[in-house]
Asks: 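Pasting a structure here, questions to come.
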Amino acid sequence: MNQEVKNEGFLDTLALSELPPDSQKSVFVRTTRVLLCNTDAGLFAIEDRCTHAFQPLAGGDIEDGIISCPKHGACFDLASGKPTNNVATRPVKIFKVRVRNERIEVDPTPVPS
Amino acid sequence: MKQGMSSEVSPLASELLKMDSKELPSGLTMHSDYVPPANPIPFSRYYDPAFARLEYEKLWKKSWQYACRVEDLPNIGDRMPYDVGAELSYFIVRSGANEFRAFNNACLHRGNRLVSAQVSGSSIRCSFHAWEWNPDGSLKNVPSSWDFPGVDADKYRLPEAKLEVWEGFIFINPDPDAAPLSSQMGLLPEAFKDRGHGDRFTFAHVSKKIRANWKILQEAFMESYHVVETHSDALPFSGDASTKYDIWPSENGDISRLITPLAIPSPHLGDKASTQVAVDGLAQLFAMAMGLEPPKIDASKGNARAQLAAWRRETMGQALGRDFSERCDSEMVDTTQFFMFPNFFPWFGEGLPLIYQFLPYGDNPNESVMNVRLTSPLPGNGVCPPPVKINYLDFDDFFSDKAPEFGLAAHIFDQDLSNLGNIQLGLRPAHSAHSKNTLGRYQEQRIQHFHNLLSKTLGLE
């Protein structure tokens with residue numbers, strides 16, 4: 001899968017117009033599935049894989065910067081990836097995300113937790 | 001009995017096989033209408049120490065069991081342990097160019113464990129007092145032999161278990177009176193005939209400790225009914241509910257098989273699910289695993305699986321320098337798994353070329369070991385790569401973190417493993433009226449069959 005490498009190692013994902021406010025979309029960043037979330041609190045990129053049962057987080061409710069896994073209810077802080085209830089105990093990987101020229105770009109290297 | 005669920009865009013596996021662009025091998029044409037009798041499976045089987053004791057005495061000490069593969073031991077003197085809990089331990093050694101032996105893994109002096117890992121060398125030497133044996137089991141040296149007048153070479157050969165090799169798989173049987181391996185294999189040799197399993201090699205090998213009984217582990221992998229919940233992200237390209245299950249009882253051993261078709265949407269996704277998404281989803285996984293760009297497949301032509309299989313034949317052929325032109329679509333795309341009692345799971349074809357082996361661990365029936373391998377056909381030049389090291393994962397390790405060699409399959413195993421410890425935790429507190437399995441009549445019939453065989457073997461019928 002060819003993804004155009006932008007400045008500072010960021011990879012192109014999709015147009016900002018494809019991710020309107022209060023929406024989320026799962027994309028591949030190289031071989032990792034990443035959930036892009038456009039929320040009131042900003043734009044976030046979190047691995048689309050819950051650390052509880054390793055299922056996708058996509059489709060989970062987002063409230064106050066917290067995403068709730070649609071399967072079994074594990075909750076994670078979108079900004080840090082840390083679990084906020086006890087369903088999961090391990091953080092989810094998060095990634096730096098930015099918008100350049102109306103395109104959403106993601107750094108494929110996870111932010112150290 | 002209804003045999004699976006289909007949708008307008010996702011036929012039953014048995015129907016997909018009829019549409020294959022190539023001739024099917026016997027391993028896929030075989031069919032059975034046998035339905036195992038429904039007998040109760042109490043949860044106590046999974047945690048009762050007395051039941052585990054019975055298994056050691058009547059199952060593990062009496063059965064043919066897959067121990068390892070020939071490519072693990074390429075040179076004379078190479079050896080590795082085979083442990084069944086804390087009760088049975090053997091080591092398998094290549095004792096000649098085409099000869100293997102299995103010995104009790106305890107020194108004849110004071111019982112020290114002789115082999116704890118994959119090692120090489122011309123003699124088997126005890127780490128305690130340096131007693132030594134040759135790879136054929138004959139006594140080589142006893143330090144201060146003057147002090148052991150009763151120790152002679154005949155009496156102090158290493159005790160040996162029966163051993164046979166089939167298609168590169170090494171089997172042992174601790175029972176000196178056991179009938180030949182073929183007595184336990186049923187139709188397995190016919191199913192694997194001419195498919196080259198002897199010409200494969202292991203390229204990834206994980207040994208994972210899990211906090212669940214060994215039967216809980218293997219039963220979790222005997223059905224595709226769990227895909228809808230446990231692997232929900234695979235539904236767009238997995239024919240979970242359209243899986244074909246078959247069981248062949250015979251006088252010469254019982255085997256069973258599942259064929260889960262891929263590159264079609266799950267019937268759970270309904271009649272409008274996309275066949276294009278289905279084939280693209282699987283193509284992307286195959287392409288990632290090989291570091292290639294995914295192929296462009298047009299599902300509107302109606303033969304998406306055949307197109308994907310053709311791409312697989314071409315790319316695998318180029319990568320390995322081998323000819324896959326006679327391999328059918330299902331072999332290149334689907335996940336087909338055979339089972340031979342009590343715990344041998346050879347997979348069939350290239351869709352997901354795994355080998356499973358589930359074993360008790362230590363003295364605790366609530367813990368076990370899952371040994372899983374990924375295999376590949378040998379390169380066209382016939383040269384087998386050096387043996388891969390076993391990657392030992394502890395109870396709290398994850399495949400995704402510690403077994404990158406499993407690629408995208410690591411994610412699938414982590415999904416499965418996230419359930420297993422919790423299953424074990426639920427067994428003892430279960431309400432007395434429901435402290436037994438309630439199995440799906442078709443989709444979980446292989447589990448019923450396995451327990452029927454287990455009951456027979458343990459004398460519980």
Side-chain angles (χ1 to χ4, degrees), chain A residues 1-5 11-14 18 24-36 46-61 67-76 81-83 85-95 106 108-113, chain B residues 208 210 220 226-238 240 266 268-269 277 280-296 393 395-423 425-426:
Chain A
M1 211 177 328
N2 287 327
Q3 278 180 311
E4 192 180 350
V5 180
L11 298 178
D12 182 62
T13 58
L14 46 79
E18 294 180 71
Q24 51 182 268
K25 188 158 192 172
S26 191
V27 298
F28 267 107
V29 176
R30 294 204 172 126
T31 57
T32 304
R33 193 174 276 283
V34 173
L35 186 65
L36 301 175
I46 187 166
E47 185 173 11
D48 190 11
R49 192 171 65 147
C50 177
T51 56
H52 168 239
F54 300 89
Q55 301 269 346
L57 284 166
D61 289 339
I67 186 166
S68 174
C69 179
K71 277 282 178 192
H72 310 110
C75 292
F76 301 92
K82 290 180 179 170
N85 63 9
N86 291 323
V87 179
T89 55
R90 299 199 308 156
V92 177
K93 289 175 186 166
I94 58 164
F95 302 87
V106 174
T109 305
V111 176
S113 55
Chain B
K208 171 80 174 83
I210 298 169
H226 69 288
V227 172
V228 67
E229 176 65 11
T230 301
H231 308 294
S232 62
D233 47 351
L235 290 179
F237 53 84
S238 303
D240 55 342
S266 165
H268 290 295
L269 299 180
V277 167
D280 286 347
L282 185 65
Q284 192 166 44
L285 294 183
F286 282 145
M288 280 183 185
M290 296 185 75
L292 300 172
E293 283 291 312
K296 302 276 188 263
L393 302 191
F395 290 111
D396 295 318
D397 290 337
F398 294 91
F399 275 76
S400 302
D401 296 337
K402 299 283 182 70
E405 67 273 26
F406 270 71
L408 297 163
H411 169 68
I412 299 170
F413 286 124
D414 282 339
Q415 290 178 327
D416 285 310
L417 268 49
S418 72
N419 289 325
L420 301 177
N422 283 331
I423 300 171
L425 290 174

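For clarity, every value in this text was computed on a predicted model and none was experimentally measured.
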Asks: Please verify the inter-ring angle class for A:Phe54 with B:Phe398; under 30° counts as parallel, over 60° as perpendicular, anything in between as tilted.
Replies: tilted
Asks: At their closest point, which heavy atom of A:Thr31 faces which heavy atom of B:Leu408, and how far apart are they?
Replies: O-CD2, 4.5 Å
Asks: Under the rule for side chain to side chain donor-acceptor pair (under 3.5 Å), what residues qualify as partners of A:Ser68, not counting sequence neighbours?
Replies: none
Asks: Step through the shown structure and confirm whether more than 12 heavy atoms of other residues, nucleotides or ligands are within 6.0 Å of CG on A:Asn85.
Replies: yes
Asks: Under 4.5 Å between any side-chain heavy atoms of B:Glu229 and A:His72, yes or no?
Replies: yes
Asks: Among all residues two or more places apart in sequence or in another chain, which pass the side chain to side chain donor-acceptor pair (under 3.5 Å) test with B:Lys208?
Replies: none
Asks: If you compare all heavy atoms of A:Pro56 against all heavy atoms of B:Ser232, which two are closest, and at what distance to 0.1 Å?
Replies: CD-OG, 4.1 Å
Asks: Mind listing the closest non-hydrogen atom pair of A:Lys71 and B:Val228 along with its distance?
Replies: NZ-O, 3.9 Å
Asks: Shortest non-hydrogen contact from A:Arg49 to B:Ser400?
Replies: NH1-OG, 2.8 Å
Asks: Indicate the atoms forming the closest heavy-atom contact of A:Gln55 with B:Asp233, along with that distance.
Replies: OE1-N, 4.3 Å
